[in-house]
Amino acid sequence: MPRQASARRYWLFKSEPDSYSFAQLQADGRTFWHGVRNYQARNLLRDEIQVDDGVLFYHSNASPPALVGVAKVVRAGYPDATAFDPASDYHDPKSNPQDPTWFQVDIAPVQPFRRPLPLAELREMPELEGMVLLQKSRLSVQPVAPGQWRHLLASGGAKESW
DNA sequence: GCCAACGTTGGC
DNA sequence: GCCAACGTTGGC
């Protein structure tokens, strides 16, 4: 049974554009969001993030750091195989394939913001009071409240839905 | 490049 | 279980 539209949830994924940019996601059409090695983010990837959820794509360590586009979840959490690969930068020798520690989801691009929203500008928006990104948090996968989502899409000139 | 904030590790 | 030391993130 399909979920109610009201059950769709929203997330923010950070990526350094030098390693993986929104433009690259658009070129790829879809990607495996692998390499997350933080337990709080892992819990979201494994337990909370569902197909069709919305994703805000954030460029960290960029000039300026900014929200740059909208993506959607196309596959829910499953084990991150790079953890088992000794040749991978993300190899985790403590992770057991029988009981994986690290998870990933797949996302696909929806559309870029017509106007990227720099972090400094986000900090000025009263609508974003309490947003995880603006708190002292280094979480690379984090929740976004529905009101914040709507505000950000409107501000960035992106459509409400897909 | 600096460095503050944060998360993880490991000795005890 | 505490907490100091260490490594990483990420804005500036």
Query raised in the report: Is the centre of the A:Phe57 ring less than 6.0 Å from the centre of the A:Trp33 ring?
Result: yes

Scanning both residues in full, the closest heavy-atom pair of A:Phe84 with A:Ser95 reads CE2-OG, 3.2 Å

All N/O pairs under 3.5 Å across the protein-nucleotides 9-11 of chain C interface:
residue, atom, partner, partner atom, Å
C:dG10, OP1, A:Lys14, NZ, 2.7
C:dG10, OP1, A:Arg138, O, 3.1
C:dG11, OP1, A:Tyr58, OH, 2.6
C:dG11, OP2, A:Asn61, N, 2.9

A:Lys72 with A:Asp53: basic N within carboxylate O range, under 4.0 Å
no

Sequence neighbours excluded, the answer for ring-ring contact (aromatic ring centres under 6.0 Å, His included) partners of A:Tyr78 is none

Separation of B:dG7 atom C1' from A:Gln40 atom CD, nearest Å, is 10 Å

For A:Val74, the hydrophobic cluster (side chain heavy atoms closer than 4.5 Å, chained through members) also holds none

